[in-house]
Engineer: 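Before I ask anything, let me first share the structure, which is written out below as structure tokens.
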Amino acid sequence: RFVDALLDQNPEMAEALTKNVCARLPIGLVEDMEGLSGLLDLNKREIITMALNDFLDKARDTLTEFKAWPDDVEGGL
């Protein structure tokens with residue numbers, strides 16, 4: 001919650017360091033996320049950040065394993 005408090009206190013810095021990404025998600029997925037986030041004391045930003053980091057790691061590993069990186073992006077972003 002510390003990061004959220006800092007971003008709320010300084011909107012200009014929040015704009016420089018973060019981007020608001022909105023998406024409509026299936027209701028069942030959101031209900032599960034909200035239920036588990038309460039048990040783990042995580043907010044939505046923390047959960048989404050964790051999920052995106054996990055996706056990016058797996059996507060990079062897959063592209064590397066299959067040597068599927070475009071020539072101008074070889075090795076990752």
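Both backbone and side-chain heavy atoms feed into the values below; hydrogens, waters and symmetry mates do not. Just so it is clear, the model here is predicted, and its values are computed rather than measured.
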Engineer: Using distance only, find each side-chain donor-acceptor pair of residues 45-59 under 3.5 Å and give its atom names and separation, not counting sequence neighbours.
Structural biologist:
unit_1: R45; atom_1: NE; unit_2: D4; atom_2: OD1; d: 2.7
unit_1: E46; atom_1: OE1; unit_2: N43; atom_2: N; d: 2.7
unit_1: T49; atom_1: OG1; unit_2: R45; atom_2: O; d: 2.8
unit_1: N53; atom_1: ND2; unit_2: T49; atom_2: O; d: 3.2
unit_1: D54; atom_1: OD2; unit_2: K58; atom_2: NZ; d: 3.2

Engineer: Please write out which residues are connected to F66 in a hydrophobic cluster, directly or through intermediates, given that two of Ile, Leu, Val, Met, Phe, Trp, Tyr count as joined at side-chain heavy-atom separations below 4.5 angstrom.
Structural biologist: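 Listed partners: none, F66 stands alone.
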Engineer: Transitive ILVMFWY cluster of M13 at side-chain heavy atoms under 4.5 Å: who else is in it?
Structural biologist: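 L17, which link up through side-chain heavy atoms under 4.5 Å apart, make up the rest of the cluster.
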Engineer: To which residues is V3 joined in a hydrophobic cluster, defined by side-chain heavy-atom contacts under 4.5 Å among Ile, Leu, Val, Met, Phe, Trp and Tyr, whether direct or through other members?
Structural biologist: L7
Engineer: Sorted by first residue and then second, give each side-chain hydrogen bond (donor to acceptor under 3.5 Å, both in side chains) pair with at least one member in residues 5-28; sequence neighbours left out.
Structural biologist: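 Applying side-chain hydrogen bond (donor to acceptor under 3.5 Å, both in side chains) to every pair that reaches into residues 5-28, excluding sequence neighbours, yields nothing.
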Engineer: Tell me which donor-acceptor pairs under 3.5 Å the side chains of residues 31-39 have, and how far apart each pair is, sequence neighbours excluded?
Structural biologist:
unit_1: E34; atom_1: OE2; unit_2: K44; atom_2: NZ; d: 3.4
unit_1: S37; atom_1: OG; unit_2: M33; atom_2: O; d: 3.1
unit_1: S37; atom_1: OG; unit_2: E34; atom_2: O; d: 2.9

